[in-house]
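Accompanying notes for the structure given below.
Here is how names work: the chains are called A, B, and so on, in the same order as the sequence lines, proteins then strands, and each is numbered from 1.
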Amino acid sequence: MPKLDESLLTGLPPFSQLDRQQIREILDQATSHRHEEGKAVFREGFDAGRFFLLLDGHIRVVRSTETGEQVIVLHISPGQLFGIARALQRDTYPATAIAAAESIALSWPTSLWDSFVARYPGFATESYKTLGRRLGEIQSNLTAMATKAVEKRVAAALLRMVNQSGRKTEDGIEIGFPVTRENIADMTGTTLHTVSRLLSGWQKDGIVKSTRKHVVVTDPHRLVVLSQTTG
DNA sequence: TCATTAAGATTTA
DNA sequence: TAAATCTTAATGA
């Protein structure tokens, strides 16, 4: 395996306080791996042997319910750590991670987690900040599921993906990874049929433009309004 | 309001 | 061409 370039980690929150030498140490212990679209990086309940940092692509974090349906809990964007079971005092992964698009991730043996925390200033605090943000996101999504109408949940889900991964195009802002109507249904607790119907309607209204696995938000403001209006 | 069912069209591999 | 994805409409909880 070729030596990884230090610029890969420079400036990323968990490593921002480290000097060149420390980043070098960390990289020399890392393994880089490519993950094909749709393939699992790791699975819920399995031994949490490694933790990961996403360099490129997007990861869907999925949990399955007792009845077997899957729920998309959140997405991971480049630069973020994931699979950090150790930070949750767990020795198995709490969820399944699937490459939403072709992705590249670094990983380290989980046995190194404690020494990273002890040795590298800022690593622990930044990791726990990330964890806290994610818990908050999951929490507010759960609340939305229980209290908000489907239309608002779907609007909010689109906005969340656009905020995390949006790229500008001629028409508006495109969600930066492939996403099916069924995926959106799995994030919002509805069915692919309802998502399809909503997207068709919004397309007629000029709010979004979508093709298979691609969604462009052409009028973000109106989508924000839709995600908030009461009634 | 929304899930379910059904029956199809279209895109991709 | 088979499988995956998407669309639309009808029906009823």
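In this structure the side chain of A/V215 never reaches within 4.5 angstrom of the side chain of A/W202, judged on heavy atoms. For the pair A/V150/A/T188, no side-chain contact is recorded, criterion being any heavy-atom separation below 4.5 Å from C-beta on. For the pair A/E37/A/K213, a side-chain contact is recorded, criterion being any heavy-atom separation below 4.5 Å from C-beta on. Put simply, the side chain of A/I173 does not reach to within 4.5 Å of the side chain of A/R167, judged on heavy atoms.
In this structure, A/G201 reaches neither bases nor backbone, as no heavy-atom distance under 4.0 Å exists between it and the strands shown. Across all strands shown, A/T190 has heavy atoms under 4.0 Å from sugar-phosphate atoms exclusively, and none from any base. When heavy atoms are screened at a 4.0 angstrom cut-off, A/T191 is found touching base atoms of the nucleic acid.
The two residues A/G83 and A/Y93 come nearest to each other via the heavy atoms O-CE2, 3.6 Å.
With 3.5 Å as the limit, one finds a donor-acceptor pair spanning the side chains of A/S7 and A/D5.
Between A/T194 and B/dA3, a side-chain N or O to OP1/OP2 separation shorter than 4.0 Å is present.
A/E137 and A/R134 are not joined by a salt bridge, as no carboxylate oxygen comes within less than 4.0 angstrom of a charged side-chain nitrogen. A salt bridge is absent between A/E174 and A/K168; no separation between the charged side-chain nitrogens and carboxylate oxygens falls under 4.0 Å.
In this structure, the CG atom of A/L198 is 14 Å from the C1' atom of C/dC6, given to the nearest Å. Distance A/K152 NZ to B/dT1 P: 10 Å, rounded to the nearest Å. Look at CG on A/L192: it is 13 Å from P on B/dT5, rounded to the nearest Å. The CG-P distance, from A/L199 to C/dT7, rounds to 7 Å in whole Å.
Five base pairs at each end of the helix from B/dT1-C/dA13 to B/dA13-C/dT1 define two local axes, and these are offset by 20° (rounded to 10°).
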Enumerate the protein-to-nucleotides 9-13 of chain C contacts in which both atoms are nitrogen or oxygen and the separation is below 3.5 Å.
none

Check nucleotides 10-13 of chain B against the protein and report each pair of N or O atoms closer than 3.5 Å, with its distance, or say if there are none.
from   : atom 1 : to     : atom 2 : distance (Å)
B/dT11 : O2     : A/R212 : NH1    : 3.3

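Applying the salt bridge (Lys or Arg N to Asp or Glu O under 4.0 Å) test to A/R50 and every residue at least two apart in sequence or in another chain returns nothing. Checked against salt bridge (Lys or Arg N to Asp or Glu O under 4.0 Å), A/R212 has no partners two or more places apart in sequence or in another chain.
Residue A/R90 places its CZ atom among more than 12 non-hydrogen atoms of other residues, nucleotides or ligands, all under 6.0 Å distant. In A/K148, the NZ atom is crowded: over 12 heavy atoms of neighbouring residues, nucleotides or ligands sit closer than 6.0 Å.
Distance from the side chain of A/K213 is smallest to C/dC6 among C/dT8, B/dC2, C/dC6.
Listed by residue number, there are no residues of residues 169-188 of chain A with a heavy-atom contact under 4.0 Å to DNA chain B.
Shown are A/F82, A/W108, A/W113; of these, the ring pair (Phe, Tyr, Trp, His ring centres under 6.0 Å) with A/F52 is made only by A/F82.
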